[in-house]
A.B. asks: 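Sharing a structure here in structure tokens format.
Below, chains carry the letters A, B, ... as their sequence lines are ordered, and counting in each starts from 1.
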There are 2 protein chains.
Amino acid sequence: MAGLKQVQRQTGVALWRQIADRIREAIGNGAYDETGMVPPETVLALQFGVNRHTVRSALAALAQEGIVRAVQGRGTLIERKERLNFPITRRTRFTAGIGDQARETRALLLDEAQEEASAEVGSWLGLKQGEMVIRLETLRHADRRPVSKATSWFPAERFAGIGEAYRKHQSITKAFAELGLADYVRATTEVTAAHAATADLADLELTPGAILLIAKAMNTDLDGVPVQYSISRFAADRVQFTIDN
Amino acid sequence: MAGLKQVQRQTGVALWRQIADRIREAIGNGAYDETGMVPPETVLALQFGVNRHTVRSALAALAQEGIVRAVQGRGTLIERKERLNFPITRRTRFTAGIGDQARETRALLLDEAQEEASAEVGSWLGLKQGEMVIRLETLRHADRRPVSKATSWFPAERFAGIGEAYRKHQSITKAFAELGLADYVRATTEVTAAHAATADLADLELTPGAILLIAKAMNTDLDGVPVQYSISRFAADRVQFTIDN
DNA sequence: ACCCATTTGTTCGTATGTATG
DNA sequence: GCATACATACGAACAAATGGG
């Protein structure tokens, strides 16, 4: 499991960042659960085959993120360690899916706009290019940590006022209900991964080079008519998806 | 869509690498399909707010990967642009899922071993920790490009000889069939994303900082008895998953 | 054949960031 | 904290190849 030389030089990614990424990941995977702390700097330096200064840079970055806290004479304590599980099923809902794993969830409406459907959005929603759609930009937190940022499109005619409804209820499900759609199902989900764009880095409180899990999803009503197309970006360090067949 | 200053300084990730990652992604998304080439270096430099040298470093990295080819006086041509779609369903199979999108698929058995089940593997396969399992390390190509690297575990008693069978048929499905298991289904899939480890970088022909889509999957026979647990690492640039409910 | 704008390729120099001991 | 070596990034040129008038 340990393995030496897990980092590479002259690749455009500084060693301290590669090491920070690996330690963050190891923490998320529960590698240091027994002690609740990261191994000593000298041990890490040996493991990664780098100078202790380099390890210190990596730990400083993680401390900056609030993931670890160095205490002189004791070691580097792990402050936070979470990975939320997000089930993708026919009845996928954000709040219900995350709700039982977090004490508190929040939803923020960053932006709302009415616009003409792009080719991509139109094809997913079954609209002609140029028909009007409502776009919502939303940010979701769990226990005060940003978890996902999503862009959603809705047919404008059918769901006029969904922005206000979402702001009020902080939930797509409840906003749909207020607009007369009692139930909906997840039809299709496409999952990819990519480096975060700068705009998402800020909102999701990530550092450059961070990874996003991206879910492009289409929801329909019970008659199979598309009601929502969304592109959700999740901080890959903080979530995993599960698909149960 | 364009957007200025999409890169950040002093983050431990070199600008040229951030830019290379964004251009690779843009190519994958079809952003330059009209011309079949990347914008001129001077234009990219302006877009990203960096010196032309920095853009050239990024393009040199992409040329090294075989994604683009620079021609003096003409521009930088896009050589390769692919993203395979990998459906995750109750009947998920690698070869059948990828097969119709690639002209040629190959499967390589990198390693085979018999070992005691770890806590994780045991819990997925319904074995006690310490019971014997067979581990296969496999690498899959589509059209001569590596697509995924997978580690699979099988109950040793029931599937003795599966390594040989896999080497012969280059297919899990056919190897199962030879050992008397005519059919199996995908029970659960967990999807995460992470930076590639060094060992995977080499086999998947990726550069450091590259992203993996990771699928932890459990297959059962038709009676619901676990027959396989696997951790597959896909090059995120080259694939996407789809989940149809 | 020639000129020209465009685009990639190359060579200086200089400043800052990264990594080591 | 210091000294050293190398990678990264910028700026200003100039050279070489391409395609079109």
A.B. asks: Tell me the interatomic distance from B:F48, atom CZ, to D:dC10, atom C1', rounded to whole angstroms.
C.D. replies: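 From B:F48 CZ to D:dC10 C1': 17 Å.
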A.B. asks: Among residues 56-72 of chain B, which residues get a heavy atom nearer than 4.0 Å to DNA chain D?
C.D. replies: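 Of all residues in residues 56-72 of chain B, the ones placing a heavy atom under 4.0 Å from DNA chain D are B:Q72.
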A.B. asks: Could you tell me which non-hydrogen atom of A:I19 sits nearest to which non-hydrogen atom of A:A58, and how far apart they are?
C.D. replies: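 Taking every non-hydrogen atom into account, CG2-CB, 3.7 Å.
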A.B. asks: Let's test your reading of the model: under 3.5 Å, does the base of C:dT10 pair with the side chain of B:H53 as donor and acceptor?
C.D. replies: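 There is none.
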A.B. asks: What nucleotide among C:dT20, C:dT11, C:dA19 has an atom nearest to a side-chain atom of A:A14?
C.D. replies: C:dA19
A.B. asks: Identify the heavy atoms of B:R238 and B:L204 that sit nearest to each other, and give their distance.
C.D. replies: NH1-O, 2.9 Å
A.B. asks: Using 30° and 60° as the class boundaries, would you call the ring planes of B:F234 and B:F241 parallel, tilted or perpendicular?
C.D. replies: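 Plane angle over 60°, so perpendicular.
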A.B. asks: Counting only non-hydrogen atoms, which of residues 23-45 of chain B are less than 4.0 Å from DNA chain D?
C.D. replies: none
A.B. asks: How close or far is atom P of C:dT18 from atom CD1 of A:I19, stated in whole angstroms?
C.D. replies: 13 Å
A.B. asks: For the residue pair A:L213 and B:L213, what are the closest heavy atoms and their distance?
C.D. replies: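 Looking at all heavy atoms of both residues, the closest pair is CD2-CD2, 3.8 Å.
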A.B. asks: So, does A:N51 get its side chain near the phosphate of C:dA19, meaning an N or O under 4.0 Å from OP1 or OP2?
C.D. replies: no
A.B. asks: Check the phosphate of D:dC10 against B:T54, side-chain N and O only, distance under 4.0 Å to OP1 or OP2. Yes or no?
C.D. replies: yes
A.B. asks: Might you point out which heavy atoms bring A:I23 and A:Y32 nearest each other, and give the distance in Å?
C.D. replies: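 That closest heavy-atom pairing would be CG2-CE1, 4.4 Å.
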A.B. asks: For D:dG19, does OP1 or OP2 lie under 4.0 Å from any side-chain N or O of B:R74?
C.D. replies: yes
A.B. asks: Does a sphere of radius 6.0 Å around CZ in A:R56 hold more than 12 heavy atoms from other residues, nucleotides or ligands, not counting ones at 6.0 Å or beyond?
C.D. replies: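 No, not enclosed.
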A.B. asks: Which whole-number value in Å describes the distance from B:L15 CG to C:dT16 P?
C.D. replies: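 Result: 15 Å.
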A.B. asks: Looking only at non-hydrogen atoms, find the nearest pair between B:K81 and B:G30 and report the distance.
C.D. replies: CE-CA, 3.8 Å
A.B. asks: Answer whether the closest heavy-atom distance between the side chains of A:K128 and A:E131 falls below 4.5 Å.
C.D. replies: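 They are in contact (side-chain heavy atoms under 4.5 Å apart), so the answer is yes.
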A.B. asks: Could you tell me whether A:E120 and A:K216 have a side-chain N and a carboxylate O separated by less than 4.0 Å?
C.D. replies: yes
A.B. asks: Given atom CZ of B:R17 and atom P of C:dT18, what is their separation to the nearest angstrom?
C.D. replies: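 The distance from CZ of B:R17 to P of C:dT18 comes to 16 Å, rounded to the nearest Å.
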A.B. asks: Is B:R80 salt-bridged to B:E65, going by a charged N under 4.0 Å from an acidic O?
C.D. replies: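 Between B:E65 and B:R80 there is no salt bridge, as every charged N stays at least 4.0 Å from the carboxylate O atoms.
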A.B. asks: Would you call B:E137 and B:L109 a side-chain contact if the rule is heavy atoms closer than 4.5 Å?
C.D. replies: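 Answer no - side chains too far apart.
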A.B. asks: Based on the rotation axes of five pairs at each end, what angle does the helix from C:dC2-D:dG21 to C:dG21-D:dC2 bend through, to 10°?
C.D. replies: 20°
A.B. asks: By nearest atom, which of the nucleotides C:dG9, C:dT18, D:dA9 is closest to the B:R52 side chain?
C.D. replies: C:dG9
